[in-house]
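Please read the structure below before turning to the comments.
All heavy atoms count here, side chains included; hydrogens, waters and symmetry mates do not. In this chain, residues are counted from 1 in sequence order. In listed order, ligands and their atoms are each counted from 1.
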Amino acid sequence: MIDVKLLSGALGAEISGIDLTDVSDENFKTINNLLLEHKVIFFRNQPLTSEQHVALASKFGPLETHAYVRGLSEFPEIIRIIKKPEEKTQWGEGWHSDVSYNEKPTKAVILKSIKIPPVGGDTVFSNMELAWETLEEEVKNKIKNKKAVHSSLGGGFFLDKYKAMQSNGNMDEYSNTHPILRTHPETGKKILFVNWTYTKEIVGMDKEESKEILNYLFEHQARLDLTCRFKWTENAIAIWDNRSVQHYAIADFYPNKGLGFERVMDRIAVEGDHPQ
Ligand code: SIN
């Protein structure tokens, strides 16, 4: 029997009673419906092999390769996210929606935990439909027909700090513009689509005003009442709808506390569409 435990009133649910190695159309439909409803779903005790991980992700659509990070040699679609025991930094720290700088930003991510520290390293998610709904009308009117520039920040941003992760050799920065208010292609819901890490400016707006509005939006998106937080255990899977959520991998690794442990995750991303 499927059991759904909400993580907060804003988004996120921990699901039990579903076997993620079952990639039948029927099981996938159940998973996708849960994803559309909760925006990020979590499953524990699912020791998927890399083949099973790829098979599950492929049900959502064609898989992405990352702009800067080299995947595993046998499974190039899998990026291994590694935080070494001596490191204080962690890939994914700071609010972002994955590769929003691409022409077609990621649709969904399937993240599997391999090694989890006894303390620290939770991931927080924020609901961008609620972020839009809860904005002041005055702000909505200012931005609803605008586009924003999203920058890839270049290979150094991704790899300089994360020594255990492999570059694919590409270092160049590039950018794309996307509507600030996008519509979810499957549910028709309105989504606030800017993020602190990659969104740099609002097109056609005075630089100072653009900065002020973006900072306001970034603060709004980080409101705790829009979020849920997941405490990882090994062999857990998170699937998030990258079109309607942002996330933040908390780097709370401090000497004599959380530092001294390794954290390892396998990430597969599914190609998205042009935000409309
Ligand atoms: C990511 O930001 O893609 C990774 C999140 C995590 O490691 O928790």
Close side-chain approach of E74 and L72, heavy atoms under 4.5 Å
no
Is the shortest distance from a heavy atom of L111 to ligand 1 less than 4.0 Å?
yes
Is the H96 to W196 ring centre distance short of 6.0 Å?
no
Suppose I only count heavy atoms of T123 and a 4.0 Å limit; which atoms of ligand 1 are within that range?
6 (C), 8 (O)
When you compare ligand 1 with W240, is there at least one nitrogen or oxygen pair between them that comes in under 3.5 angstrom?
no
Find all atoms of ligand 1 within a distance of less than 4.0 Å from any non-hydrogen atom belonging to I81, and give their numbers and elements.
4 (C)
I'd like to know whether K84 forms a salt bridge (Lys or Arg N to Asp or Glu O under 4.0 Å) with E262, so could you lay out the CA-CA distance, the side-chain angles of the two residues, the decisive distance to 0.1 Å, and finally the verdict.
CA-CA 5 Å; K84 288 299 220 186; E262 193 173 32; 3.4 Å; yes
Classify the side-chain pair N102/H150 by whether it contains a donor and acceptor separated by less than 3.5 Å.
no
Within 4.0 Å of some non-hydrogen atom of H96, the atoms of ligand 1 are 2 (O)
Counting N and O atoms only, with roles assigned by atom type, does the side chain of Q90 sit under 3.5 Å from a partner on the main chain of I250, one being a donor and the other an acceptor?
yes
Please list, in number order, the atoms of ligand 1 under 4.0 Å from a heavy atom of W91.
1 (C), 3 (O), 4 (C)
Please, which pairs that meet ring-ring contact (aromatic ring centres under 6.0 Å, His included) have at least one residue in residues 5-42, sequence neighbours excluded?
F28-F60, F42-F125, F42-F230
Under 4.0 Å from any heavy atom of G92, which atoms of ligand 1 are there?
2 (O)
Short list, please: which atoms of ligand 1 are under 4.0 Å from a heavy atom of A249?
5 (C), 6 (C), 8 (O)
Between W232 and ligand 1, does any nitrogen or oxygen pair lie at a separation below 3.5 Å?
no
List the closest protein heavy-atom neighbour of atom 1 (C) of ligand 1: residue, atom name, distance to the nearest 0.1 Å.
H247 NE2, 3.4 Å
List the closest protein heavy-atom neighbour of atom 7 (O) of ligand 1: residue, atom name, distance to the nearest 0.1 Å.
R263 NH1, 2.9 Å
What atoms in ligand 1 come closer than 4.0 Å to a heavy atom of D98?
3 (O)
Strictly by salt bridge (charged side-chain N to carboxylate O under 4.0 Å, His left out), give each pair with a member in residues 156-172 just once, sequence neighbours left out.
E93-K161
Run the ring-centre check on F193 versus W132 and record whether the distance is less than 6.0 Å.
no
